[in-house]
Structure formats: C-alpha cells, structure tokens
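Note sheet for the following structure.
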Protein chains: 2
Amino acid sequence: MKSVTLKDLSKYLLLSTSTVSRALSGDKNIRKETRDVVLDAAQKLGYKPNLIAKNLKLGRSFSIGVIVPEMVTPFAAKVIEGIQQTAVLKGYRVMVAQSSEDPEIERKSLLMMKEFHVDGIIMSMCHKTHNIDLCVEFQESGIPIVLYDRIAPSLKVPKVIVNDYEGAKAIVEHLIKSGRKNIVYLQAPDYIYNATERLRGYQDALYQFDLKFDSKLLVKTKLTFDGGMKAAKKLLKRNIEFDAIFAFTDTMAIGAMNYLREQDISVPKDVAIAGFSGTELSTIVYPKLTTVEQPLHDMGVEAANLIIQQLEKNLKTEKIVVFDTKLKIRDSTC
Amino acid sequence: MKSVTLKDLSKYLLLSTSTVSRALSGDKNIRKETRDVVLDAAQKLGYKPNLIAKNLKLGRSFSIGVIVPEMVTPFAAKVIEGIQQTAVLKGYRVMVAQSSEDPEIERKSLLMMKEFHVDGIIMSMCHKTHNIDLCVEFQESGIPIVLYDRIAPSLKVPKVIVNDYEGAKAIVEHLIKSGRKNIVYLQAPDYIYNATERLRGYQDALYQFDLKFDSKLLVKTKLTFDGGMKAAKKLLKRNIEFDAIFAFTDTMAIGAMNYLREQDISVPKDVAIAGFSGTELSTIVYPKLTTVEQPLHDMGVEAANLIIQQLEKNLKTEKIVVFDTKLKIRDSTC
DNA sequence: CTGAAAGCGCTAACAA
DNA sequence: TTGTTAGCGCTTTCAG
C-alpha cells in the first residue's frame, strides 16, 4: 500500500516535481490553471504529502514537545487538550512527557525532545532553576521554549500564567470575610515559582484585614494528596490553632481535608478549606472544594500559539500572557 | 548551531559515510578498531543521529500514536506512562490524542496519526465498532494496531485487557457477602466492549448466590461523573429499591455516590457503592471507594511491547494479554 | 511561469 | 572490510 508521492503526481500530470510542489504549496509563481489541475489531481489520486521528507528538507519536524510535572490530576490534561487542538490545526504534532516532579527526569525529557528534533517545547517546570541551563542552551540553539503555570521567572521566554497573586488574595479574603481568623497556608516548596506569588497574595489579604501573619500557619509540603495529608497531620500534632486552610493546589487541599475528616474535624464547620487549580477534582470530593479556577484549556491554546508564532515568524518574544482566575465558592468554605 | 552529521564525522575521520554509518549501527562487517575509532569520535564531536533523515530513509517515523477516550481521570495517564517509558527506551516517541468519547474525533485522530506517519497505534476505543473499517485499513496498509481496555473483539489485533468478568464477579460477590440483596449495575452503553463482560460477571455472581437478576436494577448511562449522578437520580425517582451499586467505572460510581449523599442517603449504610478502575480517584473521595484495581502501568508497558514487537520483528500476532485485577475493599462498602 | 538539478542526512546495494 | 553510489520525498535555487 505505497502512498502516492509528488513524483507520481508529476508523472501523471506530465509536469515537473517542482511545479507540482509549487502548486501544492501555494507559491505565487504559477499559473492559476496549472495550479488547479494539480490540486484536482492531488485530490483524485489521494496525494498526502510525506511529512518526514518535508521535515528533512526543511530541517523541522513539525512536532512540539510538551513537558508536564504530573498527569494524576486533570490539570495537565486540560492544558494539553488546548495545546493539541491548536497545534494539530496548524499541522504540528504534539509529544508529551511527564517529569513526575523530578527535575532529573525533566532534564532527560528535554534531552529526549531534542533528540527527536521537536521544533519547540512547551513546559511547566517542576523546579524553577534546575534546568535553566538546558533551556538557555535550547533557546540559543534555535529551539524556542514557552513556559506555562510553573515558570522560571528569570528565563527570557514567553510565558502563560494566571494572576497567582490576585487569585490567592481573593480566596483568602473570602475566608476572612466568612469569619476565619487563623488561616493556614499550605505552601509548595520554594523551587516552585507560583508558591511565593500565592504567598504574597495570602499575606496581603491578611494585612488588609489587620490580621497578623503568623509563620506557624505556614506549612511547606509536597504537591500531592499525601503532602496535604501530612501537613494537616503535622498541624494537629503541633497543636496549632487554625480554622481555615488555603492550599497551594487542589490536590493538597483535598489531602488535608480528607485527613481532617478522618480525625472527626468537620469541614467547613471547624475548618474551612480552599484550594487552587479548579479542575474537576474539586467538584467530586466531599464537601466540594472552594478553589481558584484557572482557564486551563485557554492557557494551552495560548501556549501553542506562542510557540507556533515563534516557529513560523521566527519571532522571538518574551511576551507574558496573564490570565484571570475565577473564585469558585463551594461547600468546603462558607 | 548546526549539529554534527554523519558526513562531518566521516570527513573528520577520513572514512566514508557508509563505514561510519556501519560502525554506529553496530554492523558486523567492520573491523573492531575502526568501529572504536568512530565511536570515540562520535562521542567527542557530540554526534547525534538525525532521526528525521533516518526516518525518511527507512520509511519509518519511530513514533507510536496513542488514542485514549479521555484524560479527566488518571486512568489513561497511568497507561500512557507505561507506554511512554517503554517506547522511549526503545527509541520511539509517543504521540497522544484523545477522542473525548466521540467516535468521530477518534476517527479524525486515527487519520491524523496516519498523516504523521506513526509506525503503529495503541488505542482504547470509545466505540467497539465505529472505526473498525479504518483499523482494518491501517492494518492492511502496514500500520499495526494494539488495543487495550476498550477493545473491539472482532478486530484481529493484539489486545491488552483485564479479566473484566472475574473482576466484576468478585466485587459483586463481595457486595452480596456483606449482606446486600438489591444490587444495581450502572452499565455503560453497549458499544463499549467491557460493559457486557462486566455484566456477565455481575449476573453470574447473583446466580451463584441465588439472587435473581432484575432488569430494573440495570441502568445504562454515560461514562462520566454526571452519568453516574443522573443514574442515581433516576433510580430514586423511579422508587426502585436498592442497597448497593456496582458501577462500570469509578467515575460513574463517584457520581452516583455524591448524588446519593446529597439526598441524605448514607454510603455505605443505606447503599454500598463499588466501582471499577482503581485509580487514585477512588481514594480521595469520601467515603473511599471500593473498586477493582487494574494494573494500568503494566498494561501500558505490555501494549508498547506488543506494538514494538510487531514493528521490529514484522511479526503479526493476535495475542491477547489478560491481566488480573485486584479487589480493593474500602469504606464505600462494608 | 516552468524545468532541471542539487541536496537535506542517512542507509544499503553493489563494487572493490 | 571499506568505498561508491543511488535514493528515500520533498523544496528550492538557478536557468530557461
């Protein structure tokens, strides 16, 4: 089942391959009639360009690499969906790898992407500095990079993020307004960019309502259900008084919430819980989780557009696209 | 930042490109010394083979397409992880697309995969017949296909599945043994292969315990949280008496469970709930969900191996690999 | 406006 | 054991 090639087409039409190629690629140096003839024949013979050959010739692979930290939650899936949709529409394929929150795996994935000659890379970094050197190297060797969500602020590349500061501030304000005084912030490790942004939002919300910031209410933990659980455990064990938790991610929030419930602490009566992400997860747990919703699909679309822009126009930007978030108040707070 | 090519290498070594190529590819027709020299030089100059060129020459793309029905749950992610890991190890890249449970999107994805010249396809079909024609066509045109989980029984391709019948039977037995008499089966639409297998397990478990099968307890619904919810709603509205639900997927089980709770029906006291899949979702909901766990990662590994086997050995099998499931009893049943 | 020819980087006959 | 050569399917100068 050999597929029909440009050569076949040119033989059939008694034209040169170059003419056929030009017709197909919409070159202006061609008579309209010949163009139409070629297009018709291509249609009829079922001609499909061989991307591999095209790639070799053009030195591009028409593929975009995506590296995400995890895929346990629908977070990445939603973004990838947006990327995929946009990319395929413009003739790019998408290759996904997950770092599993391990900077070394992330590094290997980057290297792999290079070996596979992806044209560009979209990445959410599991560590804000660890692989910066590679990213710079890639940039310099002509592989553009776009960062989203978990970015490295120092890297001079386009970025797609949400307003972490505002989102965090809004949700903490909501907690305060509903009468909470001792609000824990379940923080992510420092090597995650957004962690500090959301901390700022948390602190400013407190200040604004004349609540003082208490570092005992700051618990650093891993970005997992388990991390959230352990953090809650630690809080109880240390006998720290708190009536609300704002967690860096929904996952952590859910982990904490489930642990508290197991200890017969009522959510939201005793402790209100709020997260950040806004994936489907937040609506299937009990009670439903108050969270800051991010436009994940759109973020993916934007990231894809940014990378393709660089590819097509050879245009180096450092544009930062900031999406707004939406506060979703649900049963875990009141 | 041009990368070093075979030609560069051959010029540098004053050897022909073919010799260098042979050395690198581990051809036996080469003197050990020259081989070593070449390998050394390749290392030193940082030679990386250009896969695109290789692809064009060999008529292969060294990429594997994966088509999954959804990525909202970690189900697909786990399988993909297994596929990815195995594939990359053997020099293949993985390209993922999701059909979103829409056979037409699945079809488009298949076509896209072909356009991108993937060497083989791993797929979990959202509809057991809709795209069979394309699959057959692909097979015949030399693109091998491996099916997993949601298979099409009639397709003569390798398949990776779990023992749906046994898994379903075991979990329903567990429900019966814990005193449940009126067990609902939330069934998936008929166009999903496993739906009928699990139904068989359900029925046989009933028969075995002399419970009669009541078709009123069979509710067909969509494979989503929402589907589960609506099914539960329907059951209540119809005033059907039931003390347990066995759902086709965890997602559906969770949807139903959440709805019942909202109606102040206690799980597991009034109604026990069990699912099928065994992803992390089942452990983060409240109460934790009893489910049939599938070895998703291993299924991915196996699927990747099966496709690569066909690719490398040009070996057409129709091997069906059946994995065992594990019954995970949690708080949603007792 | 069209054709001839070269070449992207690699592999694999075929020769030597 | 090594080199020569052709060619995978396509684009793109350069001539005509």
Side-chain angles (χ1 to χ4, degrees), chain A residues 1-39 41-42 45-63 91 114-119 142 311-312, chain B residues 1-39 41-42 45-63 91 114-117 119 142 311-312 314:
Chain A
M1 192 109 325
K2 297 262 310 132
S3 47
V4 13
T5 71
L6 207 70
K7 214 170 158 185
D8 299 335
L9 209 53
S10 70
K11 254 186 226 147
Y12 172 81
L13 289 165
L14 302 174
L15 283 170
S16 74
T17 56
S18 11
T19 307
V20 177
S21 170
R22 274 190 283 256
L24 258 16
S25 68
D27 192 306
K28 67 269 325 283
N29 290 328
I30 192 147
R31 214 174 47 204
K32 196 174 172 311
E33 301 157 45
T34 28
R35 215 190 62 129
D36 291 345
V37 177
V38 172
L39 258 40
L45 301 201
Y47 168 75
K48 291 263 184 273
N50 182 335
L51 290 185
I52 305 186
K54 199 167 174 172
N55 297 350
L56 177 58
K57 182 65 194 178
L58 301 183
R60 318 219 263 119
S61 68
F62 288 93
S63 54
K114 186 167 192 183
E115 283 222 20
F116 279 123
H117 285 256
V118 297
D119 293 334
L311 261 21
E312 316 267 88
Chain B
M1 192 110 322
K2 297 261 313 133
S3 48
V4 10
T5 71
L6 207 73
K7 213 165 153 191
D8 299 335
L9 209 53
S10 70
K11 251 185 226 147
Y12 172 82
L13 289 164
L14 303 174
L15 282 169
S16 74
T17 55
S18 15
T19 308
V20 177
S21 169
R22 274 189 285 257
L24 258 16
S25 69
D27 192 307
K28 70 266 329 282
N29 291 325
I30 192 147
R31 214 174 47 205
K32 195 174 173 315
E33 301 157 44
T34 30
R35 215 190 63 127
D36 291 345
V37 177
V38 171
L39 258 39
L45 300 201
Y47 169 75
K48 291 264 184 270
N50 182 335
L51 290 185
I52 304 187
K54 200 167 174 171
N55 296 351
L56 177 58
K57 181 66 193 176
L58 301 182
R60 318 219 264 120
S61 68
F62 288 93
S63 55
K114 186 168 193 184
E115 282 222 19
F116 279 124
H117 286 255
D119 294 333
L311 260 20
E312 316 266 88
N314 223 339

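Chain letters run A, B, ... following the sequence lines, proteins first and then strands; every chain starts at 1.
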Taking only side-chain N and O atoms of [X], does any of them lie within less than 4.0 angstrom of OP1 or OP2 on [N]?
| X | N | answer |
| --- | --- | --- |
| S21(A) | dT11(D) | yes |
| T34(B) | dT2(D) | yes |
| T5(B) | dG9(C) | no |
| T19(A) | dC1(C) | no |
| K7(A) | dC8(D) | yes |

Do K54(A) side-chain and dG9(D) base share a donor-acceptor contact under 3.5 Å?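 Answer no: no donor N or O sits under 3.5 Å from an acceptor.
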For the base of dA4(C), is there a side-chain donor-acceptor partner from S18(A) under 3.5 Å away?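 Yes.
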Kindly compute the distance separating [atom1] ([X]) from [atom2] ([Y]), expressed to the nearest 0.5 Å.
| X | Y | atom1 | atom2 | answer |
| --- | --- | --- | --- | --- |
| S21(A) | L15(A) | OG | CG | 12.0 Å |
| S3(A) | E115(B) | OG | CD | 11.0 Å |
| K114(A) | K48(B) | NZ | NZ | 8.5 Å |
| L45(A) | L9(A) | CG | CG | 5.5 Å |
| K54(A) | I52(B) | NZ | CD1 | 13.0 Å |
| T17(B) | L24(B) | OG1 | CG | 11.5 Å |

Whole angstroms only, please: what is the [atom1]-[atom2] distance between [X] and [N]?
| X | N | atom1 | atom2 | value |
| --- | --- | --- | --- | --- |
| I52(B) | dC8(C) | CD1 | C1' | 10 Å |
| N29(B) | dT4(D) | CG | P | 18 Å |
| L56(A) | dC10(C) | CG | P | 9 Å |
| L6(A) | dG3(C) | CG | P | 12 Å |
| L14(B) | dT2(D) | CG | P | 14 Å |
| L58(B) | dG9(D) | CG | P | 12 Å |
| R60(B) | dC10(C) | CZ | P | 17 Å |

Minimum heavy-atom separation for [X] and [Y], please, with both atom names.
| X | Y | value |
| --- | --- | --- |
| P49(A) | H117(B) | O-NE2, 4.4 Å |
| A23(A) | L39(A) | O-CD1, 3.9 Å |
| A41(A) | L13(A) | CB-CD2, 3.7 Å |

Just checking [X]: base, sugar-phosphate only, or nothing, at a heavy-atom cut-off of under 4.0 Å?
| X | answer |
| --- | --- |
| I30(A) | sugar-phosphate |
| L15(A) | sugar-phosphate |
| S25(B) | nothing |
| N50(A) | sugar-phosphate |

Give me the distances for all protein-to-nucleotides 14-16 of chain D N/O pairs that come in under 3.5 Å?
none

Position toward the 5' end of DNA chain D (nearest nucleotide), R35(B) or Y47(A):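 The answer here is R35(B).
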Looking at five pairs on each end of the helix from dC1(C)-dG16(D) to dA16(C)-dT1(D), what is the angle between the two axes, given to 10 degrees?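 Helix axis angle between the two ends: 40°.
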Verify the distance criterion only: is there a donor paired with an acceptor across the side chains of T19(A) and S16(A) at less than 3.5 Å?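 Yes.
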